[in-house]
Amino acid sequence: MKKQTDKWKRFLYAWSGIIMAVKEETHMKIHVIAACVVMILAFLFHLSAQEWLILLVVIALVISLEMINTAIERAVDLVTKEFHPLAKAAKDIAAGAVLIAAVVAVIVGVIIFLPRII
């Protein structure tokens with residue numbers, strides 16, 4: 001029974017991390033709002049199952065990378081508040097990963113939605 005309780009605790013810790021990221025990170029709020037808008041549009045435009053799957057994957061990718069970026073930033077800040085080139089590189093590289101995913105997500109959205117809008 002204890003193992004089952006531990007599994008639920010781990011799930012709750014993960015859920016708590018998601019809630020914390022949404023509450024405390026401005027960019028995470030932007031990503032979540034954008035994802036909600038995209039899903040509403042997907043519903044209104046009656047997207048195919050394949051299009052839904054593609055959108056859900058890129059949404060999950062962007063949000064997951066934003067959370068990893070946030071975790072890296074906080075871990076670096078925990079280690080040092082002083083400027084260090086490696087700390088800057090870690091933060092910039094993580095942010096760059098989010099940027100790449102977000103740009104690709106926008107491109108995917110344009111490819112899927114533009115023909116329906118025009």
Side-chain angles (χ1 to χ4, degrees):
M1 186 67 173
K2 185 175 187 312
K3 280 189 174 188
Q4 198 67 13
T5 305
D6 288 345
K7 287 180 184 178
W8 278 108
K9 280 184 181 179
R10 285 186 230 136
F11 174 80
L12 292 174
Y13 293 147
W15 185 250
S16 172
I18 295 167
I19 299 301
M20 184 185 312
V22 172
K23 282 183 176 179
E24 297 178 10
E25 296 297 320
T26 302
H27 289 119
M28 187 65 161
K29 288 176 187 157
I30 293 167
H31 294 311
V32 169
I33 290 167
C36 290
V37 169
V38 166
M39 287 191 280
I40 290 167
L41 289 173
F43 178 76
L44 293 175
F45 284 114
H46 305 286
L47 296 188
S48 69
Q50 293 84 0
E51 290 167 324
W52 267 100
L53 289 171
I54 292 166
L55 288 176
L56 290 173
V57 167
V58 295
I59 287 168
L61 180 66
V62 171
I63 289 174
S64 296
L65 284 173
E66 184 62 48
M67 291 179 69
I68 291 169
N69 178 46
T70 298
I72 289 170
E73 287 181 351
R74 290 187 182 193
V76 168
D77 289 345
L78 180 65
V79 173
T80 182
K81 296 288 184 197
E82 298 174 23
F83 176 81
H84 191 285
L86 291 176
K88 179 182 181 334
K91 289 181 170 189
D92 291 352
I93 291 166
V98 178
L99 179 60
I100 290 169
V103 168
V104 169
V106 169
I107 293 168
V108 166
V110 168
I111 290 169
I112 290 174
F113 288 109
L114 192 59
R116 289 173 166 83
I117 295 171
I118 297 179

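All values below were derived from every heavy atom in this structure, side-chain atoms included, with hydrogens, water molecules and symmetry-related copies excluded. Since we're looking at a predicted model, the values are computed, not measured. Position 1 is the first residue of the sequence; numbering continues from there.
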At what distance, to the nearest 0.5 angstrom, does NZ of Lys7 lie from CG of Leu12? 14.5 Å
For Val108, which of Val38, Ile59, Ile54 qualifies under side chain to side chain contact (heavy atoms under 4.5 Å, CB included)? Ile54
Starting from the C-alpha separation in whole Å, work towards a yes-or-no answer on salt bridge (charged side-chain N to carboxylate O under 4.0 Å, His left out) for Glu24 and Arg74. CA-CA 12 Å; Glu24 297 178 10; Arg74 290 187 182 193; 2.7 Å; yes
So how far is it from Ile72 CD1 to Lys91 NZ, rounded to the nearest 0.5 Å? 11.0 Å
Quick check: closest heavy atoms across Leu65 and Ala97, and the distance to 0.1 Å? CD1-O, 3.6 Å
With a 4.5 Å heavy-atom cut-off, do Asn69 and Glu66 have their side chains touching? yes
Tyr13 atom OH, neighbour heavy-atom count above 12 within 6.0 Å: no
Minimum heavy-atom distance Ala35-Ile63, with the two atoms named: CB-CD1, 4.4 Å
Testing the basics here: between Thr80 and Ala87, what is the closest heavy-atom pair and its distance to 0.1 Å? CG2-CB, 4.2 Å
Hey, what do you get for OG (Ser16) to NZ (Lys9), rounding to the nearest 0.5 Å? 14.0 Å
Supply the atom-to-atom distance Leu55 CG to Gln50 CD, rounded to the nearest 0.5 angstrom. 12.0 Å
Show every donor-acceptor pair shorter than 3.5 Å between a side-chain atom in residues 110-118 and any protein atom, with sequence neighbours excluded, or say none if there are none.
| unit_1 | atom_1 | unit_2 | atom_2 | d |
| --- | --- | --- | --- | --- |
| Arg116 | NH1 | Glu51 | OE2 | 3.1 |
| Arg116 | NH1 | Ile112 | O | 3.0 |
| Arg116 | NH2 | Glu51 | OE1 | 2.9 |
| Arg116 | NH2 | Glu51 | OE2 | 3.2 |

Does the side chain of Val76 come within less than 4.5 Å of His84's, by heavy atoms? no
To check you understand the geometry: which heavy-atom pair defines the closest contact between Met67 and Ala21, and what is its length? CG-CB, 4.2 Å
Rounded to the nearest 0.5 Å, what separates atom CZ in Phe43 from atom CH2 in Trp52? 8.0 Å
Side-chain heavy atoms nearer than 4.5 Å, only ILVMFWY residues, links allowed to pass through others: does that put Val104 and Val37 together? yes
If two hydrophobic side chains count as joined below 4.5 Å and joins carry through other members, does Phe11 share a cluster with Ile19? no
Check side chain to side chain contact (heavy atoms under 4.5 Å, CB included) between Ile30 and all other residues, then give those that pass, not counting sequence neighbours. Thr26, His27
Would Ile40 end up clustered with Val62 when hydrophobic side chains under 4.5 Å apart are linked, directly or stepwise? no
Interatomic spacing from CE in Met39 to CG in Leu41 - rounded to 0.5 Å: 11.0 Å
Indicate yes or no: at least one non-hydrogen side-chain atom of Thr70 is less than 4.5 angstrom from one of Met28. no
Does one hydrophobic cluster hold both Leu56 and Leu47, with members joined at side-chain heavy-atom distances below 4.5 Å? yes
Are Met20 and Trp15 joined in one hydrophobic group, where the rule is that I, L, V, M, F, W and Y side chains link up if heavy atoms are under 4.5 Å apart? no
I'd like to know if the side chain of Lys29 and the backbone of Lys23 have a donor-acceptor N/O pair within less than 3.5 Å. yes
